[in-house]
Student: 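My structure is below; once you've seen it, I'll send some questions.
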Amino acid sequence: MKIDQQYLKEMLEAFQSAEHPTTDIQELEQKGLKHLEDAFIFHLQILADQGFVQREQGDGLGYRKGAQGDVFWSVVPLRLTAQGHEFIEALKHSEVWDTIKSEFQDASIGTLWKVSKGLLEGYTKKKVEALIGSEA
């Protein structure tokens, strides 16, 4: 399965918009993310692989697969990590997101993270320099 960047961004936004420090599959379902769909599991795994989301306590994300591929979920608290917050902050920056969509459509999650972080740092540096330059 291929990474759907828009879906990935929506998942991160759903985690970030949680009312509490943690969320779960039921809350994510209410935000339009269907936890029984392959895309949900795939993207959640990808985010967990990179350390962007994790279970609050213990291992795993709250699901297990049966012998015939059936998925069984437990409702466990999941959280967006500090790195996950940085990632969604970068993706929500319009210039970063536009560049990713136009220049990095087929990028891996690792590349998306590095590029978005680097672009946000570059835009932030320019903004700070403009602010400091206007004070001098």
Student: Could you list the donor-acceptor pairs under 3.5 angstrom formed between side-chain atoms of residues 60-75 and any protein atom two or more places apart in sequence or on another chain?
Tutor:
unit_1 : atom_1 : unit_2 : atom_2 : d
Y63    : OH     : Q45    : NE2    : 2.2
W73    : NE1    : H35    : O      : 3.1

Student: Q5: what forms a side-chain hydrogen bond (donor to acceptor under 3.5 Å, both in side chains) with it, not counting sequence neighbours?
Tutor: none
Student: I need the L36 CG to I41 CD1 distance, nearest 0.5 Å.
Tutor: 7.0 Å
Student: With sequence neighbours excluded, tell me which residues meet side-chain hydrogen bond (donor to acceptor under 3.5 Å, both in side chains) with T111.
Tutor: S108
Student: Report the residues that fulfil side chain to side chain contact (heavy atoms under 4.5 Å, CB included) with Q6, sequence neighbours left out, ordered by chain and then residue number.
Tutor: D4, E10, W97
Student: Hey, what do you get for CG (D24) to CD (Q30), rounding to the nearest 0.5 Å?
Tutor: 8.5 Å
Student: What residues, two or more places apart in sequence or in another chain, satisfy ring-ring contact (aromatic ring centres under 6.0 Å, His included) together with F87?
Tutor: F52, W113
Student: Please list, chain by chain and in numerical order, all residues satisfying side chain to side chain contact (heavy atoms under 4.5 Å, CB included) with F42, sequence neighbours excluded.
Tutor: M1, I3, I46
Student: Give, for atom CD of Q16 and atom CG of L91, the distance between the pair rounded to the nearest 0.5 Å.
Tutor: 10.0 Å
Student: For L33 and M11, work out which heavy atoms get closest and say how close.
Tutor: CD1-CA, 3.7 Å
Student: Do side-chain atoms of T81 reach the backbone of G51 as a donor and acceptor pair under 3.5 angstrom?
Tutor: yes
Student: Only counting residues at least two apart or in another chain, list the ones meeting side-chain hydrogen bond (donor to acceptor under 3.5 Å, both in side chains) with K31.
Tutor: S17
Student: At what distance, to the nearest 0.5 angstrom, does CG of L8 lie from CG of L47?
Tutor: 4.5 Å
Student: Mind jotting down which residue pairs meet the salt bridge (Lys or Arg N to Asp or Glu O under 4.0 Å) criterion with at least one end in residues 35-46? Sequence neighbours excluded, please.
Tutor: none
Student: List the steps and the verdict of side chain to side chain contact (heavy atoms under 4.5 Å, CB included) for V53 and L78.
Tutor: CA-CA 7 Å; V53 299; L78 302 169; 5.9 Å; no
Student: Which residues satisfy the ring-ring contact (aromatic ring centres under 6.0 Å, His included) test with H93, sequence neighbours excluded?
Tutor: Y123
Student: Side chains of L28 and F40: closer than 4.5 Å at any heavy-atom pair?
Tutor: yes
Student: Can you check whether I88 reaches E13 side chain to side chain, under 4.5 Å on heavy atoms?
Tutor: yes
Student: A side-chain contact here means heavy atoms from C-beta on lying under 4.5 Å apart; do T23 and P77 qualify?
Tutor: no
Student: State, yes or no, whether a side-chain contact exists between L80 and L12 at a heavy-atom distance under 4.5 Å.
Tutor: yes
Student: So, using ring-ring contact (aromatic ring centres under 6.0 Å, His included) as the criterion, who are the partners of Y7 when residues are at least two apart?
Tutor: H43
Student: Which pairs count as salt bridge (Lys or Arg N to Asp or Glu O under 4.0 Å) when at least one residue sits in residues 94-115, sequence neighbours excluded?
Tutor: K2-D106
Student: Report the residues that fulfil side-chain hydrogen bond (donor to acceptor under 3.5 Å, both in side chains) with E121, sequence neighbours left out, ordered by chain and then residue number.
Tutor: none
Student: For L120 versus A90, what's the shortest heavy-atom pair and its separation?
Tutor: CD2-CA, 3.7 Å
